[in-house]
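These notes are about the structure you will find just below.
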Amino acid sequence: MKTFLERLLDYYQLNEDDYKKLIAPVSVDSFLAGRKFDNIEKIVEFVKSFVTNNKKIIVYGDYDADGIMATSIIVKMFQYIGYEIHSYIPNRYQDGYGINLENAKKIVEDGFDLVITVDNGISAFEPIDYLKANNVSVVVFDHHEMQGSIPNCDYFMHPTLSNYGEVASSGAFTSFMFSVAFLGRFDKYLSILASISLISDMMPLKGYNRNLLRAVIRNYKKGEFLPIDLLLDNNNFDDTSIGMVVAPRINAIGRMVEDTSINNIVKYFTLDDK
């Protein structure tokens, strides 16, 4: 007679080696080992050149939890190095999804030198063409399906198109992995924001997605990050509370706010003022 474990492995079509990999402890080092996005060193060098030359940078995000987390990750990343940038979360009612031509024109008028789109941009052909034609550089961090070809951006990062791996992941995961390369370290708070996006955007909890979530949940400590503690409302930080408590509250902002005050949500996740 088969043991309970043997029957369980049969049910999930796993062998013993697969099972051992699934339950193996995840550390920061093991999570980061062996994978990187195509051209990530060049993208880091490219973005840092705008910092070195004191250029004007804006991050253009999205109004759902993934887009808000992705935007907050990049804004906070720049805060860590003491460089002030701008960010914009579009309003779903006024702006619609993704960077549009009207806002691209405003970006040019406001004198920005670099636009980083997060959780959008891979299908923004006309706005990106306009930006490039007006000497504004564009880097795209996105995870959505490619619409025939890649826009005319300077660089892009995409979990599968940039050959990070075979598992679809979120826009905030992509932004987080850029932050690791940019800062030269794994930042705990930014990893928490990325892990929220994995649940909110219903990414498959396999491979690196699952490993990041496991590492973040295991290392989460109440009292360490007030913005997350407040959203948890005394619940433990785990996949259930992210999916049922935290992510819905973040997503609600994008559905309820009908003006640009939606951008206060980025301040909530990036400023230390209680």
Side-chain angles (χ1 to χ4, degrees), residues 1-38 40 64-66 69-70 73 119 142-146 157-181 185-225 228-229 231-251:
M1 178 180 288
K2 289 187 175 181
T3 65
F4 175 74
L5 176 59
E6 289 171 334
R7 286 183 286 141
L8 197 62
L9 295 180
D10 287 345
Y11 180 82
Y12 286 106
Q13 297 181 321
L14 296 169
N15 58 41
E16 194 168 343
D17 287 339
D18 292 332
Y19 172 69
K20 287 179 179 178
K21 289 178 183 178
L22 285 172
I23 65 171
V26 180
S27 67
V28 170
D29 290 338
S30 65
F31 171 74
L32 294 175
R35 294 183 186 274
K36 65 177 181 177
F37 286 80
D38 286 349
I40 192 162
D64 69 352
D66 185 21
M69 296 296 92
I73 286 169
D119 194 31
D142 204 352
H143 71 122
H144 293 99
E145 187 174 347
M146 183 172 65
M157 278 180 55
H158 186 289
T160 53
L161 296 176
S162 297
N163 296 309
Y164 184 77
E166 68 288 345
V167 180
S169 198
S170 64
F173 178 91
T174 307
S175 297
F176 170 67
M177 294 309 299
F178 178 77
S179 79
V180 173
R185 63 181 177 84
F186 182 106
D187 183 79
K188 185 175 181 180
Y189 181 60
L190 301 188
S191 74
I192 291 170
L193 300 185
S195 72
I196 292 171
S197 76
L198 296 176
I199 300 294
S200 70
D201 240 35
M202 295 185 289
M203 294 295 102
L205 294 184
K206 300 178 181 178
Y208 35 84
N209 289 342
R210 182 176 182 271
N211 286 339
L212 178 63
L213 188 62
R214 288 179 67 210
V216 169
I217 289 173
R218 186 185 67 183
N219 293 318
Y220 189 87
K221 295 178 182 177
K222 287 187 177 181
E224 194 170 5
F225 301 113
I228 311 302
D229 285 345
L231 286 172
L232 280 170
D233 196 19
N234 296 318
N235 290 283
N236 292 323
F237 187 84
D238 55 30
D239 52 342
T240 300
S241 63
I242 293 172
M244 301 302 291
V245 180
V246 175
R249 289 178 171 182
I250 301 170
N251 276 321

- Message: Could you check whether any side-chain heavy atom of L213 comes within less than 4.5 Å of a side-chain heavy atom of I199, counting everything from C-beta outward?
- Response: yes

- Message: Within the 4.5 Å heavy-atom criterion, are I228 and L193 side-chain neighbours or not?
- Response: yes

- Item | Residues L32, M177; criterion side chain to side chain contact (heavy atoms under 4.5 Å, CB included); working and verdict | CA-CA 9 Å; L32 294 175; M177 294 309 299; 3.9 Å; yes

- Task: State the CZ-CG distance between R214 and D239, to the nearest 0.5 angstrom.
- Result: 12.0 Å

- Nearest-0.5 Å distance that lies between atom CG in N211 and atom CG in L205: 10.5 Å

- Taking every heavy atom of D142 against every heavy atom of H144, the minimum-distance pair comes out as OD1-ND1, 2.7 Å

- Exceeds 12 heavy-atom contacts within 6.0 angstrom, atom CD of E224: yes

- Given Y189 and F176, is the ring-ring contact (aromatic ring centres under 6.0 Å, His included) satisfied, shown in steps? CA-CA 10 Å; Y189 181 60; F176 170 67; over 10 Å; no

- Message: I'd like to know if the side chain of S175 and the backbone of A172 have a donor-acceptor N/O pair within less than 3.5 Å.
- Response: no

- Item | Other residues, nucleotides, ligands: >12 heavy atoms within 6.0 Å of K222 NZ | yes

- Message: Any non-hydrogen side-chain atom of Y164 less than 4.5 Å from a side-chain atom of T174?
- Response: no

- Item | Check against side chain to side chain contact (heavy atoms under 4.5 Å, CB included), L212 and S191 | CA-CA 8 Å; L212 178 63; S191 74; 4.2 Å; yes

- Centres of the F225 and F237 rings: under 6.0 Å? no

- Message: For L190 versus S179, what's the shortest heavy-atom pair and its separation?
- Response: CD1-OG, 3.6 Å

- Message: Applying side chain to side chain contact (heavy atoms under 4.5 Å, CB included) to D64 and D201, what does each step give before you reach the verdict?
- Response: CA-CA 9 Å; D64 69 352; D201 240 35; 3.5 Å; yes

- Message: For the backbone of N236 and the side chain of S241, can you confirm whether one donor and one acceptor N or O come within less than 3.5 Å of each other?
- Response: yes

- Tightest non-hydrogen contact, residues S195 and V216, listed as OG-CG1, 3.5 Å

- Query: More than 12 heavy atoms of other residues, nucleotides or ligands under 6.0 Å from CG of N234: is that the case?
  - Reply: no

- Would you say L232 and V246 make side-chain contact, with heavy atoms under 4.5 Å? yes

- Nearest 0.5 Å please: distance from the CE atom of M1 over to the CD atom of E6. 11.5 Å

- Message: Has K2 got a side-chain atom pairing as donor or acceptor with D10's backbone, closer than 3.5 angstrom?
- Response: no

- Query: Step by step, would you call L9 with N15 a side chain to side chain contact (heavy atoms under 4.5 Å, CB included)?
  - Reply: CA-CA 6 Å; L9 295 180; N15 58 41; over 6 Å; no

- Item | Distance-minimising heavy-atom pair for R185 and D187 | NH1-OD1, 2.8 Å

- Would you find a donor on one side and an acceptor on the other, under 3.5 Å apart, between the side chain of Y208 and the backbone of V167? yes

- Message: Main chain of S197, side chain of D66: is a donor-acceptor contact present, judged purely on distance under 3.5 Å?
- Response: no

- Message: Can you give me the closest heavy-atom contact between S169 and N209, atom names plus distance?
- Response: OG-OD1, 2.6 Å

- Query: In Å and rounded to the nearest 0.5 Å, what is the CZ to CD1 distance from F173 to I196?
  - Reply: 15.0 Å

- Residue pair M157 / F178, side-chain heavy-atom distance below 4.5 Å: yes

- Check: S170 main-chain N/O paired with D119 side-chain donor or acceptor under 3.5 Å: no

- Task: Search all heavy atoms of A181 against all heavy atoms of I40 and return the closest pair with its distance.
- Result: CB-CD1, 3.7 Å

